Amino acid sequence: MKQDIFIKKYAKQLRLGKAAVFVGAGMSAAAGFVDWKALLKDVAKELELDISKEDDLISLAQYYVTYKQNKKPLIEAIIENINSKKRPTVSHEILASMPLETYWTTNYDDLLEKALDKQKKRIDVKRRDKDLLYPIKGSDAVIYKMHGDITASSDAVISKEDYELYQVTHGSMLNVLKGDLTTKSFLFLGYSFNDPNLLDLLSRIRCMVEEEKQEHYALMREVKEDLYNTKDEYEYAKKKRALQNKDLQRYGIEVIEISEFTDIPQILKKIAIQVNKENFFISAAVAEVEKKETAQELIRELVTACLNISDESKIVSGYGQNVGPIVIDSAMKYMESHENRRFDEKVRIYPFAIGQDSDMKQYRELMLSSIGVSIFIFGTKESD
């Protein structure tokens, strides 16, 4: 699928509230965390194996657990890696700013939590099946951590045995994922599709919905010749990728190949712009009494014109002494002739306290974070 077509399609699902994201290890690697291969390098050495020759890392982890007769040493290695103080990447921050309510990840770190917290969003983190019993009321986003995280390291899904028992230990989590994969469009980022539980689940969904499956997307780096020792190795890898891309289509997953992983932030920015392009912010300051009637009429016409652009256009404004009341009144009159639409689908108002002396910078940044077009008119203000 071409990149521009994917951006428009996924942005539309975001606007409709029918999008989700699945974050894999590649996203954490971009923040400075080591990948699974690097994490298991010493494990392989202790087992007298060569990590460069190992592709089945799940089995390698199991060999070590069996060798030690204990999962604790492997968990300690994970904790040592995850405990490193890392900051969310630009990609994490853009994802957190999007109108996403559902985040899935196989990562153990807390980069998504940090990014969402920075956006002042209330999050509900689900690490185990029993967490599903206690939803946090009023949460803005739910993060499902399929393989657990550092706060519950003893329950981390890490070895082959953990994967084999996943249907038993995390059956409810899988049921939630099944529902989301059926009803939402997923964007897979930094994910290599080697999780047997996810692939099994996708197979079950494919059989259940047949040709009416949901469309999902995956950003994956194209096969590059300079990463291989010989021309034959490169051609083999390229052929295998083409077959993988075709096979993923069976599950409704369209692969969008990118040149470098560093392209991901720019693509996410384009999605964010596409999502917000029909969100209009209207601001005005009118102090002269003789101009207020003209200003009000102009604001009413602007509100109507913006709302008429499409079914998805929305007005955003602050509720203060001037513009807010007029915007609300104009929008309500507009909605009277559009009975099939709800007010909150077309208008978002942020109230401002009269005489508020505290710093409103963060509040205003929050208000403007979902804006595509800003309209400023007049600009006269009473002097102190």
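Only heavy atoms go into these numbers, but all of them, side chains included; no hydrogens, no water, no symmetry mates. For clarity, every value in this text was computed on a predicted model and none was experimentally measured.
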Check: Thr105 side chain, Val23 main-chain N or O, donor-acceptor pair, under 3.5 Å
yes
More than 12 heavy atoms of other residues, nucleotides or ligands under 6.0 Å from CG of Asp311: yes or no?
no
Tyr134, OH atom: more than 12 neighbouring heavy atoms under 6.0 Å
no
Rounded to the nearest 0.5 Å, how far apart are NZ of Lys118 and OG of Ser97?
10.5 Å
Less than 4.5 Å apart, side chain to side chain, heavy atoms only: is that true for Ile271 and Leu14?
yes
Can any side-chain N or O of Asp131 pair as donor or acceptor with the backbone N or O of Arg127 at less than 3.5 Å?
yes
Which heavy atom of Gly179 sits nearest a heavy atom of Thr183, and at what distance?
O-OG1, 2.9 Å
Under a plain distance cut-off of 3.5 Å, with no hydrogens placed, do Thr230 and Asp232 share a side-chain donor-acceptor pair?
no
Do Leu189 and Leu112 share a hydrophobic cluster, counting only Ile, Leu, Val, Met, Phe, Trp and Tyr and linking them when any side-chain heavy atoms are less than 4.5 Å apart?
yes
Leu132 side, atom CG; Asn175 side, atom CG - distance, nearest 0.5 Å:
9.5 Å
If we only count heavy atoms from C-beta on, is the Ile58 to Ser159 side-chain gap below 4.5 Å?
no
Does Met332 have more than 12 heavy atoms from other residues, nucleotides or ligands lying within 6.0 Å of its CE?
no
Would you check if there is a donor-acceptor pair between the side chains of Thr89 and Glu93 at a distance under 3.5 Å?
no
Nearest heavy atoms of Ala272 and Ile94, plus distance in Å
CB-CG2, 4.5 Å
Under a 3.5 Å distance rule, please check whether Tyr166 uses its side chain to pair with a backbone N or O of Met146 as donor and acceptor.
yes
Taking everything shown except Lys37 itself, do over 12 heavy atoms lie less than 6.0 Å from its NZ?
yes
If you measure from the Lys or Arg side-chain nitrogens to the Asp or Glu carboxylate oxygens, is any gap between Asp140 and Lys120 under 4.0 Å?
no
Residues Tyr103, Phe22; criterion ring-ring contact (aromatic ring centres under 6.0 Å, His included); working and verdict
CA-CA 6 Å; Tyr103 298 78; Phe22 198 111; over 10 Å; no
Answer yes or no: are there more than 12 heavy-atom neighbours, outside Lys41 itself, under 6.0 Å from its atom NZ?
no
Is there side-chain contact between Val21 and Phe186, with heavy atoms separated by less than 4.5 Å?
no
Does any part of the side chain of Leu60, heavy atoms only, come nearer than 4.5 Å to the side chain of Leu47, both counted from C-beta?
yes
Do Val347 and Lys314 make a side-chain contact, defined as non-hydrogen atoms from C-beta onward lying under 4.5 Å apart?
no
Evaluate salt bridge (charged side-chain N to carboxylate O under 4.0 Å, His left out) for Lys126 paired with Asp124, printing each intermediate quantity in order.
CA-CA 7 Å; Lys126 307 299 185 186; Asp124 187 357; 3.0 Å; yes
Which atom of Ser185 lies closest to which atom of Gln214, heavy atoms considered:
OG-OE1, 3.3 Å
Do Lys239 and Glu235 meet the salt-bridge criterion of a basic N to acidic O distance under 4.0 Å?
no
So if you build clusters from Ile, Leu, Val, Met, Phe, Trp, Tyr with side-chain heavy-atom gaps below 4.5 Å, do Leu49 and Trp36 land together?
yes
From the options Arg87, Lys114, Met27, Glu113, select the one residue that forms a side-chain contact (heavy atoms from CB on, under 4.5 Å) with His92.
Met27
Applying ring-ring contact (aromatic ring centres under 6.0 Å, His included) to Tyr10 and His216, what does each step give before you reach the verdict?
CA-CA 9 Å; Tyr10 188 68; His216 308 298; 9.9 Å; no
For this output row, return yes or no: ring centroids of Tyr236 and Tyr234 closer than 6.0 angstrom.
no
Side chains of Asn107 and Lys145: closer than 4.5 Å at any heavy-atom pair?
no
Counting heavy atoms not belonging to Tyr163, are there more than 12 under 6.0 Å from its OH?
yes
To check you understand the geometry: which heavy-atom pair defines the closest contact between Pro88 and Leu111, and what is its length?
CG-O, 3.6 Å
Do Ile123 and Tyr108 share a hydrophobic cluster, counting only Ile, Leu, Val, Met, Phe, Trp and Tyr and linking them when any side-chain heavy atoms are less than 4.5 Å apart?
no
Holding to salt bridge (Lys or Arg N to Asp or Glu O under 4.0 Å), I want the full list of residues that pass it with Glu215, two or more places apart in sequence or in another chain.
Lys9
Working to the nearest 0.5 angstrom, can you tell me the gap between Glu161 CD and Thr169 OG1?
10.5 Å
Looking at CD of Glu257 and CG of Asp263, how far apart are the two atoms once the value is rounded to the nearest 0.5 Å?
12.0 Å
Is the closest basic N to carboxylate O distance between Lys45 and Asp42 below 4.0 Å?
no
Under 3.5 Å, is there a donor-acceptor pair between the side chain of Asn279 and the main chain of Gly372?
no
Do any N or O atoms from the side chain of Glu301 and from the backbone of Leu298 form a donor-acceptor pair under 3.5 angstrom?
no
I want to check something: taking the side chain as every heavy atom from C-beta on, are Asn245 and Ile253 in contact at a cut-off of under 4.5 Å?
no
For residues His170 and Tyr144, establish whether the separation of their ring centroids is below 6.0 Å.
no
Checking Thr102 against Asp180: is there a side-chain donor and acceptor pair closer than 3.5 Å?
no
Nearest atoms (heavy-atom pairs only) where Ala96 meets Lys121
O-NZ, 2.6 Å
With clusters defined by side-chain heavy atoms of hydrophobic residues (ILVMFWY) lying less than 4.5 Å apart, directly or transitively, does Leu219 cluster with Met1?
yes
To check you understand the geometry: which heavy-atom pair defines the closest contact between Ser91 and Ile264, and what is its length?
OG-CG2, 3.6 Å
Are Ile143 and Trp104 connected into the same hydrophobic cluster when the rule is that any two of I, L, V, M, F, W, Y join if their side-chain heavy atoms are below 4.5 Å apart?
no
Does a side-chain N-to-carboxylate-O contact under 4.0 Å join Lys333 and Asp329?
yes
Apply salt bridge (charged side-chain N to carboxylate O under 4.0 Å, His left out) to Lys224 and Glu222, showing your working.
CA-CA 6 Å; Lys224 290 185 170 292; Glu222 63 187 22; 3.5 Å; yes
Could you list the donor-acceptor pairs under 3.5 angstrom formed by side chains in residues 302-310, with sequence neighbours left out?
{"unit_1": "Thr304", "atom_1": "OG1", "unit_2": "Arg300", "atom_2": "O", "d": "3.1"}
{"unit_1": "Asn308", "atom_1": "OD1", "unit_2": "Tyr334", "atom_2": "OH", "d": "3.3"}
{"unit_1": "Asn308", "atom_1": "ND2", "unit_2": "Thr304", "atom_2": "O", "d": "3.2"}
{"unit_1": "Ser310", "atom_1": "OG", "unit_2": "Glu278", "atom_2": "OE1", "d": "2.3"}
{"unit_1": "Ser310", "atom_1": "OG", "unit_2": "Glu312", "atom_2": "N", "d": "3.1"}
{"unit_1": "Ser310", "atom_1": "OG", "unit_2": "Ser313", "atom_2": "N", "d": "3.3"}

Only residue of Tyr191, Phe6, Tyr251, Phe188 satisfying ring-ring contact (aromatic ring centres under 6.0 Å, His included) with Tyr217 is Phe6
Close side-chain approach of Ile282 to Ile315, heavy-atom, < 4.5 Å:
yes
Do Lys238 and Glu225 sit within salt-bridge range, that is, some charged N less than 4.0 Å from a carboxylate O?
no
I'd like to know if the side chain of Arg128 reaches the main chain of Met173, judged simply by a donor and an acceptor atom lying under 3.5 Å from each other, with no hydrogens or angles considered.
no
Rounded to the nearest 0.5 Å, how far apart are CD1 of Ile51 and CG of Leu39?
9.0 Å
Once rounded to the nearest 0.5 Å, what's the spacing between atom CD1 of Ile267 and atom CD1 of Ile256?
8.0 Å
